[in-house]
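All values reported here derive from a predicted model rather than from experimental measurement.
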Amino acid sequence: MVTLKDHPLLQTDSYGKIFLYTTQEDVACVPRHRIRMSEPVRPACLLNAVKTSLLRFPHMMLGIAATDTQYKYRLLVEEPVVLPFDGVTQRYTIGSADTHGYMFLVGYHEDTIFMEYQHSISDGRGFEEFIRCVLYHYLKECGLPVENDSTIRATDSVFVTEESEDAFRKLDEMDPSPAGIYQKPAALHADGLTWENDSPEVVTELVFPFSALHSKAKELGVSPLSIIAPLFSRAFYHKFGEGHTEPVIAEIPVDLRQVVPSLTTRYFVCFIDLPYEKEYNDLPLPEVFKRTKDFLSSQMATEQLLFRGKRASSVCRELHERDMPLAEKELEARQIARQFVVNDSFLITNVGQFRLPETMRPYVLEYGAVLPCSVQPFAMLISSYNGAMKLSVAQRDHDFQVVAELHRQLIELGIPTDMKSYPFLVTRYDGMDSSVPYRF
């Protein structure tokens with residue numbers, strides 16, 4: 001007999017569990033997705049869409065419970081909720097009574113839907129599956145003539161337990177080699193901008209036609225990421241590198257589903273380090289782009305990705321399972337997470353293209369996502385939808401020199417780019433605020 005204690009829906013990934021023990025002050029544990037619709041949002045329809053989508057994504061019906069030594073997942077019986085969400089005055093704590101215990105948040109303001117998730121339950125690629133489902137059923141609730149072209153995991157398809165599997169367990173029997181992995185030196189940091197408090201952030205969005213970037217990348221024989229990453233790194237060096245010789249090192253999450261096929265929507269990534277050396281400042285940009293592309297190619301071998309994924313997930317799993325007081329475990333997890341993050345200069349992640357069926361696109365005008373920077377000075381998230389690419393850069397201070405230089409460099413490359421900034425009030429997460437006593 002399957003009991004609530006060992007229910008398969010409660011078995012989540014090995015790596016993401018560390019986010020249960022951290023806060024929004026430590027790492028980017030609550031990313032935000034923003035979806036602008038063609039009409040003002042209807043809250044009642046949105047709530048019904050969330051309820052319907054949870055029938056298809058039962059593994060999203062999770063809260064947490066605290067034992068003396070760890071946080072565990074619990075199945076929720078509470079109704080989900082949608083929240084007024086202007087991003088400036090309302091601030092919520094995910095997983096708490098604010099969200100009825102759910103480890104995701106759905107909000108609305110005027111014509112925009114906001115969706116956030118606590119990183120222990122999903123990565124960006126996985127959560128987008130849930131977003132698409134909610135949007136599809138929302139538009140159906142609104143009576144609009146939308147159809148699923150089989151690309152959305154909606155209620156016209158069937159949930160299988162592999163969608164909630166701990167895909168890192170597939171690495172347990174593997175013994176990948178670390179040969180060729182970049183042994184990074186100390187990175188250049190933005191002195192004075194590694195914050196130790198729960199202060200608001202600022203987001204700058206740079207939006208341009210993806211076709212313009214793709215054409216430039218094809219012309220130069222490189223990839224889009226090998227243009228964007230060094231442009232931002234060069235701007236970072238110009239701001240913070242005077243008198244320093246250390247490289248700027250970007251921390252980049254890589255989706256492991258490309259080397260270990262899995263339907264999982266759980267957290268299933270590894271991280272690679274991308275350096276921008278001081279000498280690059282004196283090289284023509286096309287040469288820097290080429291060196292970046294070559295370096296990325298050298299670090300994307302299957303063996304290396306598997307090694308990184310297994311090493312990091314093993315550390316997180318071992319800590320989660322260790323028999324030690326919960327308060328001490330939280331402290332150690334926060335130290336591990338912070339140290340991992342601040343070893344690099346900044347974080348840059350690419351969630352790729354957000355795809356919707358043709359019939360839904362007239363009603364979904366704009367999509368983007370934001371990764372809070374937390375203790376790092378900057379975090380960039382790259383997304384694209386309907387031919388537009390968006391670079392969302394979160395930062396703590398109000399000095400826009402870095403993003404302004406990135407904007408200028410894109411335009412000088414022939415990529416027409418719009419830029420706007422707005423305040424960003426990060427959603428809170430704290431394990432003790434979100435948990436109930438464990439009863440099993």
Side-chain angles (χ1 to χ4, degrees), residues 31-39 111-114 124-125 128 131-132 135 149 151 202-236 250 252-253 255 274 276 284-290 292-293 296 346-371 378-395 400-422 424:
R32 178 176 302 171
H33 296 252
R34 298 162 53 97
I35 306 103
R36 188 168 66 86
M37 311 300 288
S38 60
E39 300 287 343
D111 61 354
T112 301
I113 293 172
F114 300 88
R125 188 63 53 82
E128 282 188 356
I131 293 174
R132 280 189 281 266
L135 290 178
D149 59 2
T151 62
V202 179
V203 170
T204 298
E205 292 182 349
L206 298 103
V207 183
F208 49 84
F210 176 73
S211 58
L213 177 64
H214 183 266
S215 295
K216 177 58 65 172
K218 186 175 181 181
E219 172 192 330
L220 298 175
V222 297
S223 65
L225 181 60
S226 58
I227 290 179
I228 293 171
L231 286 183
F232 191 85
S233 294
R234 177 170 284 198
F236 187 100
I252 303 179
D255 184 3
L274 177 62
Y276 175 96
L285 280 173
E287 176 61 23
V288 177
F289 299 155
K290 182 179 184 304
T292 302
K293 175 180 179 292
L296 284 170
F346 64 90
L347 177 67
I348 177 171
T349 184
N350 182 10
V351 297
Q353 185 178 0
F354 185 70
R355 294 182 174 89
L356 291 174
E358 190 71 35
T359 56
M360 292 177 60
R361 292 178 193 167
Y363 311 110
V364 181
L365 302 185
E366 187 178 345
Y367 166 84
V370 180
L371 192 70
F378 299 94
M380 178 193 291
L381 192 145
I382 306 170
S383 61
S384 62
Y385 173 66
N386 261 1
M389 177 162 273
K390 181 179 294 185
L391 313 182
S392 300
V393 183
Q395 63 184 80
F400 296 104
Q401 177 180 329
V402 174
V403 290
E405 181 171 340
L406 174 61
H407 182 217
R408 176 181 57 76
Q409 290 180 120
L410 287 167
I411 291 174
E412 289 175 353
L413 282 174
I415 301 170
T417 306
D418 294 324
M419 183 175 81
K420 68 175 181 180
S421 300
Y422 55 86
F424 179 39

Note to self: As a quick check of understanding, evaluate side-chain contact (heavy atoms from CB on, under 4.5 Å) for His33 and Phe114, giving each step before the final call.
What the structure shows: CA-CA 6 Å; His33 296 252; Phe114 300 88; over 6 Å; no
(request) May I have the step-by-step check of side-chain contact (heavy atoms from CB on, under 4.5 Å) for Thr292 and Leu225, ending in yes or no? (result) CA-CA 9 Å; Thr292 302; Leu225 181 60; over 6 Å; no
- [ ] Report the C-alpha distance between Lys293 and Ile227 in whole Å, list the side-chain angles of each, state the deciding distance to 0.1 Å, and finish with yes or no for side-chain contact (heavy atoms from CB on, under 4.5 Å).
- [x] CA-CA 9 Å; Lys293 175 180 179 292; Ile227 290 179; over 6 Å; no
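Side-chain contact check for Ser223 versus Phe289: every heavy-atom pair is 4.5 Å or farther apart. At a threshold of 4.5 Å between non-hydrogen side-chain atoms, the residues Ile35 and Ile131 count as touching. In this structure, Leu135 and Met37 have side chains that are in contact, with non-hydrogen atoms separated by less than 4.5 Å. Proximity of Ile348 to Asn350: side-chain heavy atoms (C-beta onward) are nowhere separated by under 4.5 Å. A heavy-atom distance below 4.5 Å is not found between the side chains of Ile113 and Arg36. Side chains of Phe354 and Arg132 form a contact here, defined as non-hydrogen atoms less than 4.5 Å apart.
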Would you list the atom pairs, donor with acceptor, under 3.5 Å between side chains in residues 380-394 and any protein atom, with sequence neighbours excluded?
unit_1, atom_1, unit_2, atom_2, d
Tyr385, OH, Val364, O, 2.7
Lys390, NZ, Glu366, OE2, 2.7
Ser392, OG, Ala369, O, 3.2

Donor-acceptor contacts under 3.5 Å from residues 409-420 side chains, at least two apart:
unit_1, atom_1, unit_2, atom_2, d
Gln409, NE2, Leu231, O, 3.0
Glu412, OE1, Arg408, NH1, 3.2
Glu412, OE2, Arg408, NH1, 3.0
Thr417, OG1, Ile415, O, 2.9

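Judged as a side-chain hydrogen bond (donor to acceptor under 3.5 Å, both in side chains), and not counting sequence neighbours, the contacts of Gln353 are Arg355. Under the rule for a side-chain hydrogen bond (donor to acceptor under 3.5 Å, both in side chains), Ser211 has no partner lying at least two apart in sequence or in another chain.
At a threshold of 4.0 Å, the pair Glu358-Arg361 counts as salt-bridged, since one of the basic side-chain nitrogens sits closer than that to a carboxylate oxygen.
The stretch residues 221-233 participates, sequence neighbours left out, in no salt bridge (Lys or Arg N to Asp or Glu O under 4.0 Å) pair at all. Listed by first and then second residue, the salt bridge (Lys or Arg N to Asp or Glu O under 4.0 Å) pairs involving residues 206-216 are Lys216-Glu219 (not counting sequence neighbours).
To the nearest 0.5 Å, the span separating CG on Leu356 from OG1 on Thr151 amounts to 7.5 Å.
Figure legend: Arg34 and Phe424 shown without cation-pi pairing, the cationic atom not lying both under 6.0 angstrom from the six-membered ring centre and within 45 degrees of its axis.
Between Leu371 and Ala379 the shortest heavy-atom distance is O-CB, 3.4 Å. Tyr276 and Pro230 get closest at one heavy-atom pair: CE1-O, 3.8 Å.
In this structure, a donor-acceptor pair under 3.5 Å is absent between the side chains of Glu39 and Tyr363.
Between the Ser226 side chain and the Val222 main chain, no donor and acceptor come within less than 3.5 Å of each other.
Screening Phe400, Phe346, Phe232 for a ring pair (Phe, Tyr, Trp, His ring centres under 6.0 Å) with Phe378, the sole residue that qualifies is Phe232.
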